Amino acid sequence: MSRSIGAAGRARSHGIRAAAAILIAAPVIAALLAACEPRPADPEAALIAKGRDLFFNETFDGNGRTCGTCHRQEDNFTITPSFIATLPKDDPLFVAEFMPALKQNFENPRLMREFGMILENLDGFDSLATRFTMRGIPHVLALRTSVASPQGPRTGWSGDGAPGDGSLRGFAVGAVIQHFTKRLDRVPGVDFRLPTDEELDALEAFQRSLGRKDELALPLPLKGTIAARGQEIFLDDGLGKCNICHRNAGANASLGGADLGNASFNTGVEDLPDHPALLAGEPKPRDDGFGIPGDGTFNTPPLVEAADTGPFFHNNAVETIEGAVAFYDGEAFNNSPAGRFLASIDSSGASIELDATQIVAIAAFLRVINTLENIRLSNESLEQSMALGFFKTAEAVELLERATHETDDAIAVLAGGGLHPDAVGELRNVRRLIERARGSLVNRRGLTREAIRAQQRARGMIITEPS
Amino acid sequence: MGSWASAVGMAFLALCAASLAHGQMSTERYIPIGKSPGVSQKYTSIGLIDSVSVVRKTITIAEPNVRRTVIITGRTRIWIDRSRLKLPNLVGRFEDLQRGRRVEVKYLDPDRHLPADWVKVEATAP
């Protein structure tokens, strides 16, 4: 009896001590968890978050598409045939296949599925069966660096993608009218609603937040022999001449000390023989580019993001980055207004003359700078994931997924050019670590930290870090 | 050398910028009066047509505080805004610019001196 009373007393005593420990520890734990939570978002961050939500979820009462239907985050904010092949039949991308009102003259499903092309009525909506263009979907990365020009904003493939003032802010209005409509009548308030001013502000802020905010400063201390030579050719205004229109591998031109901003050129892409759409026997009227009627010019896209966002050019005419570089050594470019201009300022009257090794070297350079950007973006997502509190698991996992996509791209871009096999191996290690972090309940941060370190090692194999 | 480079730069600029950046015209047609992003009321006039000169090809718009005479050229795009009627907007003609109708005019210049770039005229009946 006394033993049982003693045992009960001890148990009670343990219980009291445990309760006291919890009472003491609880505020400490709460304070620690609170410290782990991110600070409240600033107004700009809140606007970007709102824009992100609109970009991926808002249909504007239309046919079910969102901006993210074509500009997929997991496909570098563009959409490729290989990604399209993974989508279910009822994905809103395919509205022309299952909405009767959109079956004719809204999209060309074959060209969409086979070549990632979408239909645009850039010259008006009066003759839908004959007046249209078939274009690729440009990514929306690094827009902060690529939209401005002395003549005003340049949006879309031909610099005139937005109605109103032509700005990135207004771009969504034109996209809703062109791509979100329930019927070809395109009546606001019936077939869609137009974005409000506040929504346009948020969408613009989100798009400007994507990708690079700054230009590279070339030349970079690259370690790879071929990529380093490619960079030399790229920067040589007498050989590759790439840096004239793509200063620092961006989207802005510079010549004779004049900063031309983002410029549009007629480079003869429309004159390429054997365009995939025409080989497929599908209608593809000639695309006349900027303005109505068009002047044949198209925008200069940034090149840092090029290697993992093909197919290339406004009409998805070329599948590989090597092919895109080789275009500038071909007849179509050299006979174009831009090609003839380059020849006119060349001491030997040549436009761009490159051999196969030089073409591959420039492509290797573009692959390497794309990979460095992949690593930067992946690192950004991993760092953001680390900064999230314990209870923000869903957000952390989403950020880790983004890092996975970037790492996958880096691996594919390097491996596709046979470049830096050592870095490819390390990036595969990064991917494994991110995968483990995504599935870990207790060691997410530790594994993420390891992934960041492995990523830095991979980067160190590609470029000499400043000491 | 510097002047040569500048001259080449200017020639290059002319090559790549033969036309100024501008808003896309095809989707502009479907945007109701007063809703054009970054343009409406900032660079446009919105008001009722007070008079029409068929000979001079001009219209005079009565805005709340000012009357403005607008030159219409062969290059001016005219659209009939039927969005309030829940009907698709149409391409219009000079004859659709009638006294008493509500219009929005965008000019070829931000100072509203040059001819109209486009005119949207509101339809009151189908």
Side-chain angles (χ1 to χ4, degrees), chain A residues 120-126 149-156 159-167 169-178 183-190 194-195 197 200 244-245 253-258 260 263-266 290-292 295 297 300 337-338 341 344-345, chain B residues 1-44 75-77 79-92 104 106 109-110 117-118 120 123 126:
Chain A
E120 300 262 7
N121 299 100
L122 294 166
D123 285 351
F125 292 88
D126 295 320
S149 86
Q151 298 82 39
R154 303 272 189 183
T155 60
D160 56 355
D165 58 2
S167 67
R169 183 179 176 279
F171 192 89
V173 173
V176 166
I177 293 169
Q178 174 75 57
R183 301 174 307 151
L184 300 183
D185 284 345
R186 293 185 161 88
V187 180
V190 177
L194 292 174
D197 283 343
L200 293 179
I244 295 172
C245 298
S254 174
L255 189 70
L260 308 179
S264 294
F265 299 100
N266 183 348
F290 185 95
I292 305 174
D295 64 4
T297 67
T300 308
F341 175 76
S344 74
I345 60 168
Chain B
M1 178 64 188
S3 60
W4 176 85
S6 297
V8 170
M10 293 312 291
F12 195 64
L13 185 62
L15 176 83
C16 67
S19 39
L20 296 178
H22 64 154
Q24 187 196 83
M25 286 296 169
S26 60
T27 51
E28 184 68 55
R29 159 180 165 177
Y30 292 103
I31 302 173
I33 287 174
K35 301 288 185 187
S36 189
V39 165
S40 286
Q41 287 161 339
K42 199 170 170 187
Y43 300 115
T44 64
R75 295 176 67 88
T76 303
R77 290 171 177 84
W79 295 302
I80 304 172
D81 178 5
R82 305 196 300 172
S83 52
R84 281 199 181 181
L85 303 172
K86 305 287 184 195
L87 292 170
N89 294 352
L90 301 172
V91 172
E104 178 174 23
K106 178 179 174 287
D109 66 324
D117 188 13
W118 52 253
K120 294 175 184 174

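Only a predicted model underlies this, so the values are computations on that prediction, with no experimental measurement involved. Below, chains carry the letters A, B, ... as their sequence lines are ordered, and counting in each starts from 1.
Among B/R82, B/K86, B/K42, the residue making the largest number of heavy-atom pairs under 4.5 Å with chain A is B/K86.
Minimum heavy-atom separation, A/R186 to B/Y30: O-CD2, 3.2 Å. Shortest non-hydrogen contact noted between B/V39 and A/D165 is CG2-N, 3.2 Å.
For B/L87, the part sitting under 4.5 Å from any heavy atom of chain A is the backbone (N, CA, C, O) and nothing else. Only the side chain of A/R169 has a heavy atom closer than 4.5 Å to any heavy atom of chain B. With a threshold of 4.5 angstrom between heavy atoms, A/D185 approaches chain B through its backbone and through its side chain. For chain B, the nearby part of A/L200 is the side chain; its heavy atoms alone come within less than 4.5 Å.
Checked against side-chain hydrogen bond (donor to acceptor under 3.5 Å, both in side chains), A/N266 has no partners two or more places apart in sequence or in another chain. Partners of B/R77 under the side-chain hydrogen bond (donor to acceptor under 3.5 Å, both in side chains) rule, at least two apart in sequence or in another chain, do not exist in this structure.
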Should A/I177 and B/I31 be marked as a side chain to side chain contact (heavy atoms under 4.5 Å, CB included) after you check the CA-CA gap, both sets of side-chain angles, and the distance that decides it? CA-CA 9 Å; A/I177 293 169; B/I31 302 173; 3.6 Å; yes
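To the nearest 0.5 Å, atoms CD (A/Q178) and OG (B/S26) are separated by 6.5 Å. To the nearest 0.5 angstrom, B/R29 atom CZ is 4.5 Å from A/D126 atom CG. Put simply, CG on A/D123 and CE on B/M25 are 12.0 Å apart, with the number rounded to the nearest 0.5 Å.
A donor-acceptor pair under 3.5 Å is formed between the side chain of B/E28 and the backbone N or O of A/G164. Formation of a donor-acceptor pair under 3.5 Å by the B/S83 side chain with backbone atoms of A/P188 is not found in this model.
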